[in-house]
There are 2 protein chains.
Amino acid sequence: MDIDELARRSGVSAATVSRALNGRPEVSAATRARIVALAAELGYRPNASARTLASRRSELIGLLWDTDYRSGGRQHPFLQEVLIGLKAALSDRGQGLILLPIVPPDDEAGYVRLARQYTLDGIVMMGVDQHTPQVRALLATPIPCVGLDLALDGPRTASVGSDNRTAAADAVAHLHALGHRRIATITGPLDLWPAAERLAGYRAELARRRLRRRPEYEVAGDFFAASGAAGMRRLLDLPSPPTAVFVAGDAMAVAAMQAATDTGRTVPGDVAVVGFDDIDAAAMVRPGLTTIAQDYRRFGTTAAAVLAELAAAPTTDEPRSVLLPTRLVVRESSGSTAI
Amino acid sequence: MDIDELARRSGVSAATVSRALNGRPEVSAATRARIVALAAELGYRPNASARTLASRRSELIGLLWDTDYRSGGRQHPFLQEVLIGLKAALSDRGQGLILLPIVPPDDEAGYVRLARQYTLDGIVMMGVDQHTPQVRALLATPIPCVGLDLALDGPRTASVGSDNRTAAADAVAHLHALGHRRIATITGPLDLWPAAERLAGYRAELARRRLRRRPEYEVAGDFFAASGAAGMRRLLDLPSPPTAVFVAGDAMAVAAMQAATDTGRTVPGDVAVVGFDDIDAAAMVRPGLTTIAQDYRRFGTTAAAVLAELAAAPTTDEPRSVLLPTRLVVRESSGSTAI
DNA sequence: CTGTTAGCGCCTTCAC
DNA sequence: GTGAAGGCGCTAACAG
């Protein structure tokens with residue numbers, strides 16, 4: 001069942017079938033209706049390769065997702081949800097999603113070649129280092145690229161992420177409202193966009209509420225559990241330890257809670273904890289972890305929409321970014337009563 | 001940079017370039033070496049669409065992964081790891097991975113058409129119901145299909161999964177070795193292959209160790225947390241409650257532990273628990289959950305290898321399946337001492 | 001509005 | 001061992 005067969009059966013030429021099915025305006029309503037109906041009835045689907053070859057557009061989006069970068073073990077707690085959103089939004093637009101292999105660092109043109117090889121219409125990146133030569137080369141290209149939790153820069157790029165700054169401020173506000181005045185934080189790696197924004201939000205909210213900002217209350221973590229435990233121990237050893245800690249990632253937060261418990265403190269009694277991400281475990285540990293939930297599915301749907309906009313828009317130097325709202329999920333770790 | 005350009009620069013015809021790059025035997029070693037070197041130097045990559053159109057092979061594998069099927073919330077704790085393995089193994093073979101959209105149940109030929117549309121060389125399925133018309137139609141086809149944790153049936157299909165039966169037996173053996181004699185289980189939905197196998201392994205090991213099998217010790221769960229908690233409560237309310245429970249999934253196991261704790265029991269003191277899956281939370285909860293770890297990455301690499309075999313092998317009626325080894329991860333929930 | 005004619009970039013017979 | 005020619009299935013100019 002190819003286009004010629006369909007053309008024969010509908011009594012028109014292949015060109016007309018192509019036009020009718022692709023929504024071209026030059027076809028009469030009657031012919032189009034007839035062709036569309038017949039195509040549906042016969043289950044005709046144009047061959048993707050032939051279509052791509054002729055039109056130079058593939059309706060294919062590439063996903064660049066580096067499983068090695070900083071993922072020493074389990075990372076990207078959200079890949080699955082992002083994929084769900086992305087897949088749904090793309091297929092609504094008639095687009096497909098292809099997973100790109102990781103190219104070695106010395107193959108500078110690797111991604112650009114992959115994009116050409118598959119005639120990709122756009123690329124979604126997550127969990128990659130946008131400063132590597134291979135990625136920079138890709139970003140410099142007019143191929144639409146959107147970064148998830150990644151601040152991208154290029155003629156046709158955009159970034160999608162949560163409004164981490166506001167979210168962190170919400171966390172601090174929540175703790176403050178519960179009566180806490182000595183609020184510390186354990187950060188992520190500050191060269192990562194979300195980590196930096198969360199710290200900025202923490203600081204901003206302290207200032208807004210006229211709480212003193214103490215350098216020793218800002219402990220550096222790396223999003224992994226061990227750094228959360230170490231950070232908590234360090235905070236609790238302070239002469240004037242905090243009564244609450246905003247931890248920039250849930251894996252660290254859970255470990256931080258355990259570190260507190262292990263050293264004889266109670267959570268939230270002695271120290272309240274608020275995390276970030278709402279990983280599965282947040283609801284499974286005791287006490288349940290109060291945390292910031294991100295709408296990962298929407299990361300995906302937004303990425304698909306932004307990609308379409310980028311493809312239509314002219315190239316530009318203006319950095320574009322979309323910030324998504326988050327939600328504070330209150331569980332037991334922040335305590336329900338003031339201190 | 002297309003094949004003609006490369007041909008011109010290497011002083012041969014496009015046909016020879018094609019043969020050289022595709023490892024055809026008819027090319028002289030010298031010409032091949034020259035062409036391969038030049039191709040590498042110029043970074044030539046044949047256009048995927050043109051190649052697929054001409055050769056009728058795409059080197060593309062489709063991933064069928066239903067995000068709705070039984071995934072009321074968070075499921076498939078292993079998608080990410082599977083993808084890592086799959087992507088790595090496929091790209092080693094020069095193949096790509098494309099995520100297939102879910103087709104509506106009334107579109108019986110949907111997947112078959114998708115396979116043709118993209119000229120897919122094979123399909124990996126996970127988290128789908130293989131009894132639906134759309135999937136059955138695909139399986140009936142000579143297109144290579146491998147199911148992860150799915151017992152598939154068709155002329156060119158195979159199944160890859162853990163050796164769930166042995167794994168469950170290991171769990172029971174572990175509990176028995178710790179001194180437990182009254183060992184119960186909370187199962188998954190028994191129409192799912194892994195759940196049925198785990199129950200079979202539990203029963204087999206009881207028999208091997210001459211432990212009495214009691215019907216009231218086999219409680220039905222559905223892999224979700226709530227059913228784990230309910231199952232544990234029911235077991236503990238028994239006149240002669242078990243001293244150990246093998247829970248067929250970690251989400252249920254964690255909830256089961258909490259249910260035990262909530263009703264005044266201690267874990268592992270009053271009741272020991274062994275789970276299945278080794279989800280992230282297993283190491284985060286207290287007590288840490290003893291569980292069976294599956295090698296999900298290997299699911300992916302194995303699927304890629306099996307797909308290649310299926311493509312080369314003739315169609316057959318023999319069901320093929322590959323069972324992967326698992327690993328018992330001992331933490332605190334099973335206790336380190338006998339009762 | 002519709003048909004005819006060329007390719008899109010590559011592989012693959014068929015000659016040589 | 002290598003080249004020439006045709007075609008994979010579709011889209012996009014160009015006519016009409």
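Each chain gets a letter, A, B and so on, in the order its sequence line appears, and its residues count up from 1.
Residues of residues 44-54 of chain B that place a heavy atom closer than 4.0 Å to DNA chain D, in numerical order, are B/Leu53, B/Ala54. Contacts with DNA chain C (heavy atom under 4.0 Å) in residues 2-20 of chain B: B/Asp2, B/Ile3, B/Ala15, B/Ser18, B/Arg19, listed by number. Listed by residue number, the members of residues 25-38 of chain A with any heavy atom below 4.0 angstrom from DNA chain C are A/Glu26, A/Val27, A/Ser28, A/Thr31.
Residues meeting the side chain to side chain donor-acceptor pair (under 3.5 Å) test with B/Thr315, sequence neighbours left out: none. Among residues two or more places apart in sequence or in another chain, the side chain to side chain donor-acceptor pair (under 3.5 Å) test is passed with B/Ser321 by none. Applying the side chain to side chain donor-acceptor pair (under 3.5 Å) test to B/Arg298 and every residue at least two apart in sequence or in another chain returns nothing. With sequence neighbours left out, the salt bridge (Lys or Arg N to Asp or Glu O under 4.0 Å) criterion links A/Arg320 to no other residue. In terms of the salt bridge (Lys or Arg N to Asp or Glu O under 4.0 Å) criterion, A/Asp153 has no residue partners (sequence neighbours excluded).
A donor-acceptor pair is defined here as one N or O able to donate and one able to accept, closer than 3.5 Å; such a pair exists between the side chain of A/Ser28 and the backbone of A/Thr31. Under a 3.5 Å cut-off, the side chain of A/Ser10 and the backbone N or O of A/Leu6 do form a donor-acceptor pair. In this structure a side-chain-to-backbone donor-acceptor pair under 3.5 Å is present from A/Ser58 to A/Thr119.
Of the residues listed (A/Val124, A/Leu83, A/Leu60), the one engaging A/Leu97 in a side chain to side chain contact (heavy atoms under 4.5 Å, CB included) is A/Leu83, and it is the only one. The residue from B/Asp149, B/Leu64, B/Val82 that alone fulfils the side chain to side chain contact (heavy atoms under 4.5 Å, CB included) condition with B/Met126 is B/Val82. Under the side chain to side chain contact (heavy atoms under 4.5 Å, CB included) rule, B/Val17 has a single partner from B/Ile3, B/Val27, B/Asp2, which is B/Ile3.
Listed here is the closest heavy atom pair of A/Ser159 and A/Ala151: OG-CA, 3.5 Å. In this structure, A/Leu99 and A/Leu63 approach most closely via the heavy-atom pair CD2-CD2, 3.5 Å. B/Leu150 and B/Trp193 get closest at one heavy-atom pair: N-CE3, 3.5 Å.
A/Leu120 is not listed as a side-chain neighbour of A/Ile61, based on a closest heavy-atom distance of 4.5 Å or more. B/Leu79 is listed as a side-chain neighbour of B/Trp65, based on a closest heavy-atom distance under 4.5 Å.
Contact annotation for B/Arg116: no contact, since no heavy-atom pair falls under 4.0 Å across all strands.
Each salt bridge (Lys or Arg N to Asp or Glu O under 4.0 Å) pair with one or both residues in residues 44-63 of chain A, not counting sequence neighbours, appears once here: A/Arg57-A/Glu59.
Axis orientation changes by 40° from one end of the helix from C/dC1-D/dG16 to C/dC16-D/dG1 to the other, with each end axis drawn from 5 pairs and the value rounded to 10°.
Protein chain A contacts DNA chain C over a range whose 5' and 3' limits, counting nucleotides with an atom under 4.0 angstrom from a non-hydrogen atom, are C/dC1 to C/dG9. Here chain A contacts DNA chain D (any atom closer than 4.0 Å to a heavy atom, that is under 4.0 Å), and the contacts span D/dG9 to D/dA13 from 5' to 3'.
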